[in-house]
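Residue indices begin at 1 and follow the sequence shown. Only a predicted model underlies this, so the values are computations on that prediction, with no experimental measurement involved. These values consider heavy atoms only, across backbone and side chains, with no hydrogens, waters or symmetry-generated copies.
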Amino acid sequence: MDNPIEELSFEAALRELETIVSRLESGDAPLDEAIRLYERGDQLRQRCKERLDAAQARIEAIRLDGEGRPTGTTNFAAG
């Protein structure tokens, strides 16, 4: 948990976030530690969101013509 958040991969950040959530849900952490864990977890959540947003921006969808043939690509639009 001492690794700089900006250096973590998405997977590493998510694993650490899951560990923090489990620790907080257990209720065993003293208040000072729980606050520190919550703050770290919030930073990890933001890191994961940023990485997902960046990945989504890079995804392209294939455009098809009326006969189903590929005609090009367009940026992915979620929702």
Side-chain angles (χ1 to χ4, degrees):
M1 276 207 293
D2 295 328
N3 295 337
I5 290 173
E6 58 276 355
E7 294 179 10
L8 296 175
S9 67
F10 173 81
E11 293 80 5
L14 187 58
R15 275 192 305 274
E16 185 177 337
L17 182 56
E18 289 171 342
T19 300
I20 288 173
V21 168
S22 294
R23 178 85 171 115
L24 290 172
E25 286 178 341
S26 75
D28 294 333
L31 181 59
D32 288 344
E33 182 184 357
I35 291 170
R36 184 181 57 76
L37 288 169
Y38 180 85
E39 290 171 345
R40 174 87 174 172
D42 190 52
Q43 294 169 347
L44 289 163
R45 178 201 56 80
Q46 183 61 35
R47 174 69 173 165
C48 289
K49 181 184 178 310
E50 289 168 0
R51 297 296 303 256
L52 286 173
D53 289 346
Q56 182 177 344
R58 294 175 54 199
I59 296 172
E60 293 183 331
I62 298 173
R63 287 191 314 248
L64 303 176
D65 65 15
E67 296 178 9
R69 293 181 297 229
T71 62
T73 61
T74 186
N75 289 337
F76 174 80

Glu7: which residues meet the side chain to side chain donor-acceptor pair (under 3.5 Å) condition with it, sequence neighbours left out? none
Contacts of Arg15 that satisfy salt bridge (charged side-chain N to carboxylate O under 4.0 Å, His left out) - sequence neighbours left out: none
Under the side chain to side chain donor-acceptor pair (under 3.5 Å) rule, collect the residues that match up with Arg45, sequence neighbours excluded. Asp42
If you compare all heavy atoms of Pro30 against all heavy atoms of Arg23, which two are closest, and at what distance to 0.1 Å? CD-NH2, 4.3 Å
Could you check if a side-chain atom of Arg47 sits within less than 4.5 angstrom of a side-chain atom of Leu17, using non-hydrogen atoms only? no
Set of side chain to side chain contact (heavy atoms under 4.5 Å, CB included) partners for Ile35, sequence neighbours left out: Leu31, Glu39
Which heavy atom of Asn3 sits nearest to which heavy atom of Arg40, and what is that distance? O-NH2, 2.7 Å
Do you know the tightest heavy-atom contact between Leu37 and Ile20? O-CG2, 3.4 Å
Could you pull out the closest heavy-atom pair between Phe10 and Leu52, with the gap in Å? CE1-CG, 3.7 Å
Test of understanding: with salt bridge (charged side-chain N to carboxylate O under 4.0 Å, His left out), list the residues that count as partners of Glu6, not counting sequence neighbours. none
Applying side chain to side chain donor-acceptor pair (under 3.5 Å) to Asp28 and not counting sequence neighbours gives none
For the hydrophobic clusters of this structure (ILVMFWY residues joined by side-chain heavy atoms under 4.5 Å, transitively), does one cluster hold both Val21 and Leu44? yes
Let me see the working for Asp32 and Arg36 under salt bridge (charged side-chain N to carboxylate O under 4.0 Å, His left out), right down to the final yes or no. CA-CA 6 Å; Asp32 288 344; Arg36 184 181 57 76; over 6 Å; no
